[in-house]
There are 2 protein chains.
Amino acid sequence: MSVGIRHDDLRRRNRAMVISAVRRAGQPSRTEIAATTGLSHSTISAISSDLIQEGILTEIKASETVSMKRGRPQVGLSLNPEAAAVLAVVLSLNFLSVAVIDYAGQVVAEEQRRLDTLTMSRDELIGECVAIVRRRLEDPDLDVQSVARIALAIQGITDSHARAMLWSPITPQTNIAFADILEREFGIPAIMENDCNMMAVALRWRDPDRYRDDFIAILLSHGIGMGLVLKGELFTGTHSSGGEFGHMIHRPGGALCRCGRRGCVEAYAGNYAIWRNARQLSENAEPVADVSDAEMRALAARARQTDGPEREAYRKAGEALGFGLGSLFALIDPAPVAMVGASAAAFDLIEPALREAIAQTAGGHHSGSISFDTETNELPLIREGCALRALSFVDQEIFAPGTQARASSVGKNVA
Amino acid sequence: MSVGIRHDDLRRRNRAMVISAVRRAGQPSRTEIAATTGLSHSTISAISSDLIQEGILTEIKASETVSMKRGRPQVGLSLNPEAAAVLAVVLSLNFLSVAVIDYAGQVVAEEQRRLDTLTMSRDELIGECVAIVRRRLEDPDLDVQSVARIALAIQGITDSHARAMLWSPITPQTNIAFADILEREFGIPAIMENDCNMMAVALRWRDPDRYRDDFIAILLSHGIGMGLVLKGELFTGTHSSGGEFGHMIHRPGGALCRCGRRGCVEAYAGNYAIWRNARQLSENAEPVADVSDAEMRALAARARQTDGPEREAYRKAGEALGFGLGSLFALIDPAPVAMVGASAAAFDLIEPALREAIAQTAGGHHSGSISFDTETNELPLIREGCALRALSFVDQEIFAPGTQARASSVGKNVA
DNA sequence: CCTATTTTTTCGAGCCTCGAAAAAATACTG
DNA sequence: CAGTATTTTTTCGAGGCTCGAAAAAATAGG
């Protein structure tokens, strides 16, 4: 049951609104903030003077701005980089990375590390994550006090409370409560997010004109993932991170998927599936553990060159993605799509069959008008989304705290 | 861009909260309202005394309640039935009905009418709807002044602004802006909703314990429809009512669907599809316009009796629904399902294949624990949902109006 | 150096919610 | 039957927040 608004919530929410406006706009003046938030100048003045006093915002030096206009020049406000710091940890197949990000969103330090996630034990995996975070926190240049949040993104399914990894293709281990583990270990609030969801968050941040209220980010990689933003909010499942587009059923009883089931979209469109079809192996052939990017590029090159099994493999991938998107569009209506990941570089091979398939589905009316964009490198996106998520938490939960933490405000999926 | 909270919004929202608490609880005392809303007794006292003065709420006569407890007895508050009235119009295949509902939710008057929607012209269809509303409004017993809202539900796709029918299986006509037409004709605000969405709204109202924050209502009828509530809100598409579960793709290139495409879930699970398979007609056979409920009951009886084509037809329906639900669950996670409509009476024939199919999909882990409920009569549900929708509008937009109507508050899909 | 212009701050007014206390209305008790 | 205990509801003053208007601040143009 939703709860009434109390008087003290008012200031809290408007504080959060001001911080959020500054984060989005970069260096807005008080007047601009008043315009975007709809609050009066007096209110903005009061709130921002509080925030400056508390060291959350800073005024831009007047000398740095050249005002060509008449009148008192606007004073830009910006986030104080030293107000806090967050850690963005990204765990993907055989790869672990961490970045320290200041409150203004700049990367301060980072570390990357190769490891063999598929064969590691549960404790080893957890140990590596804890260790890489510890090394960053022990950096003498870093004021540990100021680290306000750790966000960890992983390829796989996370729970809807952003506490744990439930299942992941990068490890046989399941149900690892990374967020709780890191929180206990370092005493810093932590969250655990799905990688594709973070991609979507980052895309929206990078290009809010294109990716505004409704869009789809699809990861074309060894597996197929999706991040979905609907009505301006990140879409998640009722219990998990959800949006497992790759495991929608393309052909009942069809090709063997990495997840052990049959006929999933991923069993036709994942790298391993394209590789399997290109080699003309049986659809029942066990999915290979990994296909290198170089190998996939070679496949794509062959497909472009001759009309052989490679081209057919990409065609099948396009068909699976197209019918999958068609089913998705039946539920949510068509929306712009971003194809992310190494295989997005082969989207030219995928697109014809994909469009043909969509044309045969409910979203087909607008088949031609659905726009696809490609972005071949997912890692920077995931990290950026992760950082944004963590910073957004600091904005809302730490710098605009309720008298007591309200359950209703926590976990809001504002992308 | 979200907007700050102004001081006058506070009272508005809390007024709406109080009204909503009374609508949900029936006859709550001020103390109970304070408890559910989290607001102080003083605030509730002030707001409710305003609302009583304005004739929106009324106090229950003390004599009507027997207080066994010590202390000053609680005074129940209830919605004043005379505060307003709404019209719920339901347009389905060959059937049009309207109900006048008072502010407390009681049906005051109603009218039903058979017509031949499939062959009617655009103007005839509109004319019938306008006429049936006009007859109710001309009822001398009704105070026309008090009719605050007309809600029209239709089987088919509506736009996300609740203004128009975009497409419907009950008529060859498309893009009829019923809401605008009724609004112009009678000068009463009108909305146009999808029938299955209204089913979901009503289910939540009837059984909030079972259908709380996440559930699925599926209409098993001539076609297959769905109403989806996620995180406590009605789920709609980005541009349309969305949730076209029946037109997710079950088998690419498969059986011919009523929508003209191939392989939709509905092309296996709709009444016409079951009928087609039971008669062992080709999957390419043109879907018949209508199959009577009696005929479907006969099919189901045959299927229960002998293991012939009828049983196989229901099995195929179950399989299609199961794989469709499996794909849906991949996106949103499993949730309770209500099977609504005449064919829900044959759910015993559908369930085994349905569960078997789900077990082969991503939601399969919990296949056993997914609960299905059946409700064979959809019309009362649709009408009830429609009425609730209209009343909820009155609660929020008329009796708790903003200083100026805010775009952000309009169109919130609170079920 | 003065004026026009624009931004920002200040200040009092008006609401709103809250907590505490008072008032109201009943059941229990001897 | 009167007095007491108990529970609900209202009243009242305090504190906070936002707003509009006016003042103050800061700059360009003449």
With distance as the sole test, does B:Asp102 use its side chain to make a donor-acceptor pair with the main-chain N or O of B:Gln106 at under 3.5 Å? yes

Between the side chains of B:Thr58 and B:Ser78, does any donor sit under 3.5 Å from an acceptor? yes

For the pair made of CG in B:Asp8 and C1' in C:dT17, what is the distance, rounded to whole Å? 15 Å

Pairing of B:Glu59 and B:Arg30 as salt bridge, 4.0 angstrom limit: yes

What residues, two or more places apart in sequence or in another chain, satisfy side-chain hydrogen bond (donor to acceptor under 3.5 Å, both in side chains) together with B:Asp50? none

Generate the contact string for nucleotides 2-9 of chain C. Rules: B means base contact, S means sugar-phosphate contact only, - means no protein heavy atom under 4.0 Å. --BBBBBB

Output the rounded distance in Å from CG (B:Asp50) to C1' (C:dC16). 12 Å

Nearest-angstrom distance from the residue atom CD1 of B:Ile47 to C1' of C:dC18: 13 Å

Rounded to whole angstroms, how far apart are CG on B:Asp9 and C1' on D:dC19? 13 Å

Against the six-membered ring of B:Phe393, is B:Arg149 placed for a cation-pi contact (under 6.0 Å from the centre, within 45° of the normal)? yes

Do you see a donor-acceptor pair shorter than 3.5 Å between the side chains of A:Ser392 and A:Gln396? yes

Ring geometry between A:His7 and B:His7 (parallel below 30°, tilted from 30 to 60°, perpendicular above 60°): parallel

Take N1-N3 plus N6-O4 or O6-N4 for Watson-Crick, N1-O2 plus O6-N3 for G-U, both under 3.5 Å. Which runs of 3 or more such pairs involve DNA chain D? C:1-30 with D:1-30

Between P of C:dT17 and CE of B:Met17, the distance in whole Å: 11 Å

In whole angstrom, give the distance that lies between atom CG of A:Leu39 and atom P of D:dT18. 7 Å

I would like to know whether A:Lys231 and A:Asp213 meet salt bridge (charged side-chain N to carboxylate O under 4.0 Å, His left out); could you show each step before the answer? CA-CA 5 Å; A:Lys231 301 183 178 73; A:Asp213 288 342; over 6 Å; no

At under 4.0 Å, does any side-chain N or O of A:Thr43 touch on OP1 or OP2 of D:dC19? yes

C:dT17, OP1 or OP2 - any side-chain N/O from B:Asn14 closer than 4.0 Å? yes

Taking atom C1' of C:dC15 as reference, at what distance in whole Å does atom CZ of B:Arg11 sit? 9 Å

note: A:Arg13, atom CZ; D:dT18, atom P; distance rounded to Å ~ 12 Å

Go through the steps to decide whether B:Ser42 and B:Ser45 satisfy the test side chain to side chain donor-acceptor pair (under 3.5 Å), and finish with yes or no. CA-CA 5 Å; B:Ser42 3; B:Ser45 179; over 6 Å; no

